[in-house]
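Below, all heavy atoms of this structure are taken into account, side chains as well, without hydrogens, waters or symmetry copies. Residue numbers run from 1 in the order of the sequence given. Computed from a prediction, not measured in an experiment: that's the story for all the values here.
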Amino acid sequence: MHMIRRTTIELDDDLLARARRALGQATARATVEEALRQAVERVEDRDAVRRESQMRYFETLGEHVDLDVLASDKMWR
């Protein structure tokens, strides 16, 4: 479900104007929403890349360590 919430915030007028121009938005609301959307997408993309990298590492873990030794009692003595 998509909710819209009304809120009041103080914004730096110069920063908002710069953001409007940079994002090509006509209104303060559109500018803030687009900035939030881009911020979320950037973080989500970064997290997805990190997850993929970790999965590739785990898939090749046997190339980096001896899994038999790691799983044996010898490793922990």
Trace of the side-chain contact (heavy atoms from CB on, under 4.5 Å) decision for Q38 with L23: CA-CA 10 Å; Q38 287 186 21; L23 297 172; 3.2 Å; yes
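- By the 4.5 Å heavy-atom criterion applied to side chains, E63 and T60 are counted as neighbours.
- Side-chain atoms of T31 come within 3.5 Å of backbone atoms of T27 as a donor-acceptor pair (strictly under, hydrogens ignored).
- Applying the salt bridge (charged side-chain N to carboxylate O under 4.0 Å, His left out) definition to pairs two or more places apart or across chains, those involving residues 21-42 are R29-E33, E34-R37.
- In this structure, Q25 and A30 approach most closely via the heavy-atom pair OE1-CB, 3.3 Å.
- V49 and V43 are members of different hydrophobic clusters when ILVMFWY side chains are connected at heavy-atom separations under 4.5 Å.
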For residues 6-19, dump all side-chain donor-acceptor pairs below 3.5 Å to protein atoms at least two apart in sequence or in another chain.
{"residue": "D12", "atom": "OD1", "partner": "D14", "partner atom": "N", "Å": "2.9"}
{"residue": "D12", "atom": "OD1", "partner": "L15", "partner atom": "N", "Å": "2.8"}

